Amino acid sequence: MGRFAKLVDRSVHTIRWYEAQGLLPRVDRDAGGRRVYEPGHLEHFLFLDRMRRTGMSIADMRRLTELSMEGWRTLEARMAMLREHRAEIEAQIRELTGALEQIDAKTAFYEDWVRNKRRPPKEAEHAPARRAPTRA
């Protein structure tokens, strides 16, 4: 387990948690009782770790794991779950992009204030930030 934890750059505690949640199924043990992780466990862990970081619920991660254990007959259901999660991530990205635009506008307002040594007009405080043109 220690080697696996180092390989995925997570703590042993985290690996145990994933196993306890039913997210790392079918982990065999060697004659000494130590867990034996296969390449599939690594791939599955890294995938679920990324899904968790994007906000996928543990219940959905567990459901994806269960479906994957059932084989190819569940591919449509897995694709549907991932498409739904993708749409949620896209909505988050739009929300975060809006927040970044507001931060840029406020920063530009402050920069103008510092540069001119006086407070800009009130309407400039909420104006979209002026951005340098980007090169394609």
Side-chain angles (χ1 to χ4, degrees):
M1 182 180 275
R3 276 189 241 143
F4 186 78
K6 284 181 183 174
L7 194 59
V8 297
D9 195 28
R10 296 291 176 270
S11 69
V12 169
H13 173 77
T14 299
I15 306 305
R16 283 191 184 120
W17 183 86
Y18 270 76
E19 283 190 25
Q21 295 301 315
L23 299 173
L24 281 176
R26 299 182 183 147
V27 177
D28 293 327
R29 293 183 183 259
D30 65 13
R34 292 176 297 267
R35 291 169 176 86
V36 178
Y37 295 100
E38 302 294 331
H41 291 116
L42 174 65
E43 182 182 322
H44 190 67
F45 177 87
L46 293 173
F47 171 74
L48 289 181
D49 188 55
R50 179 58 56 98
M51 293 302 97
R52 182 164 165 73
R53 290 169 183 264
T54 61
M56 181 178 277
S57 71
I58 302 305
D60 283 348
M61 290 169 49
R62 190 176 298 119
R63 181 69 181 139
L64 271 174
T65 300
E66 291 166 355
L67 289 170
S68 70
M69 292 173 54
E70 293 177 27
W72 64 269
R73 287 181 178 89
T74 64
L75 289 173
E76 293 289 337
R78 287 184 268 167
M79 285 189 302
M81 287 183 72
L82 291 175
R83 286 182 180 127
E84 182 178 325
H85 188 63
R86 187 180 201 290
E88 291 169 5
I89 292 170
E90 287 174 333
Q92 290 173 0
I93 290 170
R94 285 190 299 276
E95 189 70 30
L96 291 172
T97 299
L100 283 174
E101 289 170 356
Q102 288 182 321
I103 289 169
D104 290 345
K106 186 63 89 171
T107 302
F109 177 77
Y110 293 155
E111 287 170 349
D112 196 27
W113 195 341
V114 167
R115 185 175 41 259
N116 296 317
K117 310 266 190 281
R118 67 174 198 268
R119 189 179 202 285
K122 189 75 172 160
E123 59 273 3
E125 186 169 3
H126 302 289
R130 295 173 300 244
R131 295 185 189 168
T134 57
R135 289 191 274 175

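Computed from a predicted model, the values in this text were never measured in an experiment.
- Using a 4.5 Å heavy-atom cutoff, the side chains of L23 and R62 are in contact.
- Residues F4 and L24 have side chains in contact (heavy-atom distance under 4.5 Å, counting atoms from C-beta outward).
- Note that the CG atom of D60 and the CG atom of L48 stand 11.0 Å from one another [nearest 0.5 Å].
- Across P121 and F109, no two heavy atoms sit closer than the pair O-CE1, 3.8 Å.
- Side-chain contact annotation: T54 with H85, donor-acceptor N/O pair under 3.5 Å present.
- Hydrophobic clustering (ILVMFWY, side-chain heavy atoms < 4.5 Å, transitive): M69 and L67 are in distinct clusters.
- Using a 4.5 Å cut-off between side-chain heavy atoms of Ile, Leu, Val, Met, Phe, Trp and Tyr, with links allowed through other members, L75 and M81 fall into different hydrophobic clusters.
- Closest approach of G2 to V12, counting heavy atoms only: CA-CG2, 4.1 Å.
- Residue L46 holds its CG atom at 4.5 Å from CG of L42, rounded to the nearest 0.5 Å.
- Other residues, nucleotides and ligands contribute only 12 or fewer heavy atoms inside 6.0 Å of the CD atom of E43.
- Between Y37 and H41, the angle of the ring planes goes over 60°, which puts this pair in the perpendicular group of the 30/60° scheme.
- The shortest heavy-atom contact between Y18 and M61 is CE2-CE, 3.9 Å.
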Candidate pair E38 and V27, rule side chain to side chain contact (heavy atoms under 4.5 Å, CB included), full reasoning | CA-CA 8 Å; E38 302 294 331; V27 177; over 6 Å; no

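- Linking Ile, Leu, Val, Met, Phe, Trp and Tyr whenever their side-chain heavy atoms come within less than 4.5 Å puts W17 and M51 in one cluster.
- For the atom pair CZ of R63 and OG1 of T74, the computed distance is 8.0 Å after rounding to the nearest 0.5 Å.
- Taking all atoms of both residues into account, the shortest heavy-atom contact from N116 to D112 is ND2-OD1, 2.6 Å.
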Where do D49 and V8 land on the side chain to side chain contact (heavy atoms under 4.5 Å, CB included) test, with the steps shown first?
-> CA-CA 9 Å; D49 188 55; V8 297; over 6 Å; no

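- Rounded to the nearest 0.5 angstrom, T14 OG1 and M1 CE are separated by 10.5 Å.
- To the nearest 0.5 angstrom, E70 atom CD is 7.5 Å from E66 atom CD.
- Within the model, atoms CG of L82 and CE of M56 stand 5.5 Å from one another, a figure rounded to the nearest 0.5 Å.
- Of all non-hydrogen atoms in A5 and S11, the two that sit nearest each other are CB-C, 3.9 Å.
- G71 and R78 make their closest contact through O-NH2, 2.7 Å (heavy atoms, listed as atom of the first residue, atom of the second, distance).
- A 6.0 Å sphere centred on CZ of R86 holds no more than 12 heavy atoms belonging to other residues, nucleotides or ligands.
- For R29, the CZ atom is densely surrounded, since the number of other residues' heavy atoms within 6.0 Å is greater than 12.
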